[in-house]
Chemist: 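Pasting in a structure now, in structure tokens, and then I'll have a few things to ask.
Both ligands and their constituent atoms are indexed starting at 1 by order of listing.
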Amino acid sequence: MSVETEQLTQNKVAVLDHGFLALDGALASDLAVVNGARVSFNSLADEMNEKDEGLIRFLMRERHGSPFEHGYFRFIVKAPIFVVREHHRHRAGHSYNEWSGRYSKMEAEFYVPDYVRTQVGKPGSYSFEPVEPDVREAAREEIRAITEQAFEAYERMLDQGVAKEVARMALPLALYTKYFWSCNPRSLMHFCSLRNSEHAQFEIREYAKAAEGFLERVMPVTHAAFVEQGRTAP
Ligand SMILES: Cc1cc2nc3c(=O)[nH]c(=O)nc-3n(C[C@H](O)[C@H](O)[C@H](O)COP(=O)(O)OP(=O)(O)OC[C@H]3O[C@@H](n4cnc5c(N)ncnc54)[C@H](O)[C@@H]3O)c2cc1C
């Protein structure tokens, strides 16, 4: 195993049944936030002190957001396509590059939900409750059967010489894909505030929880201030 691969394994969080979120690299720190703010007074610090922690809390509270943009997180994500559609709606300060189903064959890996739920309530105030065990097993079986059938159709078309970009049209939203995702701490906080939330769909929330865990690990003071401000990005 190469050093890079070993490092990646340590920074990898398993998400859903076959997915993951891995921190591939980070150039981010609480100190960079402090220095981004202190440059206004032509001063820079080499290490954090208590006053600097107060400064981060002040910046978060007053929503002075730009000092939180001097950082960079690069993740590798493996997620089902319906999660990716939600994730890639986050535009400001985010970059993505995804595995291409036009250029290479997709793999037969599909998400089969463990948490099968029913939707209760009205639009705008839905809540979700687990279904009965027999309904859950039947739903899981439906998803398993249709995804297997779809992948067989995909492979049949490829065998007959149909282009990958056409054959993939048979593949369902539960298919796993992989992509690079990079963002700055401010955009990461905005993503976490919207998606690590009880209003977000369970599946993307699992990814957002993992992402917030990395934010906390790399920028503990910033993360604590974010939580203190009700998890609203500055
Ligand atoms: C619970 C939930 C339910 C959702 N349901 C739906 C749905 O039913 N249908 C649907 O289509 N989407 C839905 N979304 C997606 C949502 O509308 C946003 O597209 C997504 O959350 C990204 O948020 P954002 O635009 O704030 O983030 P970003 O794209 O990262 O933008 C960050 C901020 O930059 C500013 N900004 C970015 N682009 C512009 C712009 N073009 N003009 C002005 N300001 C800009 C805004 O201040 C924005 O908040 C849902 C999201 C959530 C969390």
Chemist: Relative to F20, does K12 satisfy both conditions: NZ or CZ under 6.0 angstrom from the six-membered ring centre, and within 45 degrees of the ring's axis?
Modeler: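 Judged by the rule, K12 and F20 form a cation-pi pair.
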
Chemist: Taking NZ, NE, NH1 and NH2 as the nitrogens, is one of them in E228 or R61 under 4.0 Å from a carboxylate oxygen of the other?
Modeler: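 Salt bridge flag = no for R61 with E228.
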
Chemist: Is atom 44 (N) of ligand 1 near the protein, in the sense that some protein heavy atom lies at less than 4.0 Å from it?
Modeler: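 It does not: no protein heavy atom is found less than 4.0 Å away from atom 44 (N) of ligand 1.
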
Chemist: Give a yes or no on whether a salt bridge exists between R205 and E198, defined as a side-chain N under 4.0 angstrom from a carboxylate O.
Modeler: no

Chemist: Would a search of protein heavy atoms around atom 28 (P) of ligand 1 find one under 4.0 Å away?
Modeler: yes

Chemist: Short check: is a protein heavy atom less than 4.0 Å from atom 37 (C) of ligand 1?
Modeler: yes

Chemist: Flag atom 10 (C) of ligand 1 as yes if some protein heavy-atom distance to it falls below 4.0 Å, otherwise no.
Modeler: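 It does: a protein heavy atom is found less than 4.0 Å away from atom 10 (C) of ligand 1.
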
Chemist: Strictly less than 4.0 Å: does any protein heavy-atom distance to atom 32 (C) of ligand 1 fall in that range?
Modeler: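 Within 4.0 Å of atom 32 (C) of ligand 1, protein heavy atoms are found.
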
Chemist: Aromatic rings F214 and F75: how do their planes relate, parallel, tilted or perpendicular, breaks at 30° and 60°?
Modeler: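 If you compare the ring of F214 with that of F75, the planes turn out tilted.
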
Chemist: Hey, looking at atom 26 (O) of ligand 1, which of H199, H190, R91, R205 has the closest heavy atom?
Modeler: H190

Chemist: Could you work out, with side-chain contact (heavy atoms from CB on, under 4.5 Å) as the rule, every residue matching V135, not counting sequence neighbours?
Modeler: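 Once residues adjacent in sequence are excluded, the partners of V135 under the side-chain contact (heavy atoms from CB on, under 4.5 Å) criterion are V131, E132.
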
Chemist: Within a distance of under 4.0 Å, is there any protein heavy atom near atom 24 (P) of ligand 1?
Modeler: yes

Chemist: Is the closest N or O pair between A200 and ligand 1 shorter than 3.5 Å?
Modeler: no

Chemist: For atom 51 (C) of ligand 1, which of the options R195, R186, R89, E86 provides the nearest non-hydrogen atom?
Modeler: R195

Chemist: Nearest protein heavy atom to atom 16 (C) of ligand 1: under 4.0 Å?
Modeler: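 Looking at atom 16 (C) of ligand 1, one finds that no protein heavy atom lies closer than 4.0 Å.
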
Chemist: Establish whether atom 7 (C) of ligand 1 and some protein heavy atom are separated by less than 4.0 angstrom.
Modeler: no

Chemist: Taking only residues two or more places apart in sequence or in another chain, which ones pass side-chain contact (heavy atoms from CB on, under 4.5 Å) with D114?
Modeler: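 In terms of side-chain contact (heavy atoms from CB on, under 4.5 Å), with neighbours along the sequence ignored, D114 is linked to R136, R140.
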
Chemist: How close does the nearest protein non-hydrogen atom get to atom 35 (C) of ligand 1, and which residue and atom is it?
Modeler: A92 CB, 5.0 Å

Chemist: Is the F191 to W181 ring centre distance short of 6.0 Å?
Modeler: yes

Chemist: Classify the angle between the aromatic ring planes of Y96 and H94 as parallel (below 30°), tilted (30 to 60°) or perpendicular (above 60°).
Modeler: parallel

